[in-house]
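Here the structure comes first, spelled out in structure tokens, and everything after it is commentary.
These numbers come from the heavy atoms of this one structure, side chains and all, not from hydrogens, waters or symmetry mates.
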Amino acid sequence: MAIVIDENLTASPTKTRLPSGPITLRQTLRSDLGNETVSITYTLDGRNNVCFQTAKGQVKQFQINGLKIPGAAIERSDTVALVEVGGGTEMGQIMIRQTIRGENTARDSVTLTVLE
């Protein structure tokens with residue numbers, strides 16, 4: 001089986017304005033292989049004009065490689081920021097999709113409410 005999501009992906013805060021402040025994405029993972037190296041990819045819908053703000057600029061997707069997931073459950077977190085590019089979109093919600101790849105593939109997502 002390999003990667004197991006013990007607690008689903010959550011975001012804090014769950015409500016944000018654009019551009020956002022820091023948003024912390026958390027979840028609890030473990031590997032039933034005992035120790036596994038994985039990559040985690042976060043993706044935003046390509047049809048809207050919201051991007052992740054990273055050190056490399058505004059992107060729709062970014063990846064974190066080389067994460068070690070032990071056999072015991074661990075809580076891990078990543079911090080993201082969101083920006084609106086191009087303006088003019090009135091969105092009520094933004095979904096962040098997550099894909100974890102190791103010996104298997106696990107998927108999760110979290111939805112944020114956009115405040116006006």
Side-chain angles (χ1 to χ4, degrees):
M1 186 177 196
I3 285 296
V4 178
I5 299 172
D6 281 342
E7 291 184 31
N8 287 335
L9 188 64
T10 63
S12 179
T14 58
K15 297 178 182 179
T16 189
R17 298 189 190 289
L18 295 173
S20 74
I23 298 169
T24 303
L25 304 174
R26 285 189 179 86
Q27 75 188 146
T28 303
L29 302 172
R30 66 183 164 87
S31 172
D32 62 7
L33 298 177
N35 191 24
E36 183 175 357
T37 302
V38 303
S39 66
I40 297 178
T41 303
Y42 293 104
T43 305
L44 293 168
D45 189 335
R47 296 171 292 177
N48 63 42
N49 62 347
V50 175
C51 292
F52 294 109
Q53 182 64 57
T54 71
K56 295 181 180 183
Q58 298 164 347
V59 298
K60 287 289 197 175
Q61 182 179 80
F62 72 95
Q63 189 168 339
I64 302 164
N65 295 311
L67 298 170
K68 301 287 186 188
I69 305 298
I74 61 162
E75 182 182 285
R76 63 167 324 282
S77 65
D78 295 302
T79 302
V80 301
L82 301 173
V83 294
E84 186 175 21
V85 293
T89 299
E90 293 185 23
M91 296 177 51
Q93 296 182 325
I94 298 169
M95 179 181 288
I96 299 174
R97 288 186 167 82
Q98 178 198 56
T99 304
I100 306 168
R101 287 190 174 86
E103 292 295 319
N104 67 328
T105 299
R107 290 181 171 77
D108 205 349
S109 64
V110 64
T111 301
L112 303 172
T113 300
V114 178
L115 301 172
E116 293 186 25

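Scanning for salt bridge (Lys or Arg N to Asp or Glu O under 4.0 Å) contacts around Arg26 gives Glu75, with sequence neighbours left out. Partners of Arg97 under the side chain to side chain donor-acceptor pair (under 3.5 Å) rule, at least two apart in sequence or in another chain, do not exist in this structure.
Scanning both residues, Gly102 and Val38, for their nearest heavy atoms gives CA-CG1, 4.0 Å. In plain terms, the two heavy atoms of Pro13 and Ile23 that are nearest each other are O-CG2, 4.1 Å.
In this structure, Lys60 contributes its side chain and Val50 its backbone to a donor-acceptor pair below 3.5 Å. Of the possible donor and acceptor atoms, none in the side chain of Asp6 sits under 3.5 Å from a partner among the backbone N and O of Leu29. In this structure a side-chain-to-backbone donor-acceptor pair under 3.5 Å is missing from Asn49 to Glu84.
Among Thr16, Thr79, Val80, the one residue that satisfies the side-chain contact (heavy atoms from CB on, under 4.5 Å) test with Pro22 is Thr79.
Residues Asp78 and Arg76 are paired through a salt bridge, judged by an N-O separation under 4.0 Å between the basic side chain and the carboxylate.
Residues Val59 and Val110 share a hydrophobic cluster, clusters being chains of Ile/Leu/Val/Met/Phe/Trp/Tyr side chains in contact below 4.5 Å. The hydrophobic cluster containing Val83 does not contain Tyr42, counting ILVMFWY residues as joined when their side-chain heavy atoms lie under 4.5 angstrom apart, directly or transitively.
Summarising the geometry, atom CD1 belonging to Ile74 is positioned 10.0 Å from atom OG belonging to Ser31; distances are rounded to the nearest 0.5 Å. Within the model, atoms CD of Gln93 and OG1 of Thr14 stand 10.5 Å from one another, a figure rounded to the nearest 0.5 Å. Atoms CG and CG, on Asn8 and Asp108 in that order, are 4.5 Å from each other to the nearest 0.5 Å.
Contact of the Ile100 side chain with the Gln27 side chain is registered, since non-hydrogen atoms from C-beta on lie closer than 4.5 Å. Using a 4.5 Å heavy-atom threshold, the side chains of Ile94 and Leu18 count as touching. Looking at Asn35 and Ile69, their side chains never come closer than 4.5 Å, going by heavy atoms from C-beta outward. Taking the side chain as every heavy atom from C-beta outward, Met95 and Asp45 never approach each other to under 4.5 Å.
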- Query: side chain to side chain contact (heavy atoms under 4.5 Å, CB included) between Leu25 and Gln98: does it pass, once the steps are laid out?
  - Reply: CA-CA 10 Å; Leu25 304 174; Gln98 178 198 56; over 6 Å; no

- Could you check Ile96 against Leu44 for side chain to side chain contact (heavy atoms under 4.5 Å, CB included), going step by step and ending with a plain yes or no? CA-CA 5 Å; Ile96 299 174; Leu44 293 168; 3.8 Å; yes

- Yes or no on side chain to side chain contact (heavy atoms under 4.5 Å, CB included) for Leu82 and Phe52, after CA distance, side-chain angles and deciding distance? CA-CA 5 Å; Leu82 301 173; Phe52 294 109; 3.7 Å; yes

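Using modelled atom types, one finds a donor on one side chain and an acceptor on the other under 3.5 Å when comparing Gln53 with Gln58.
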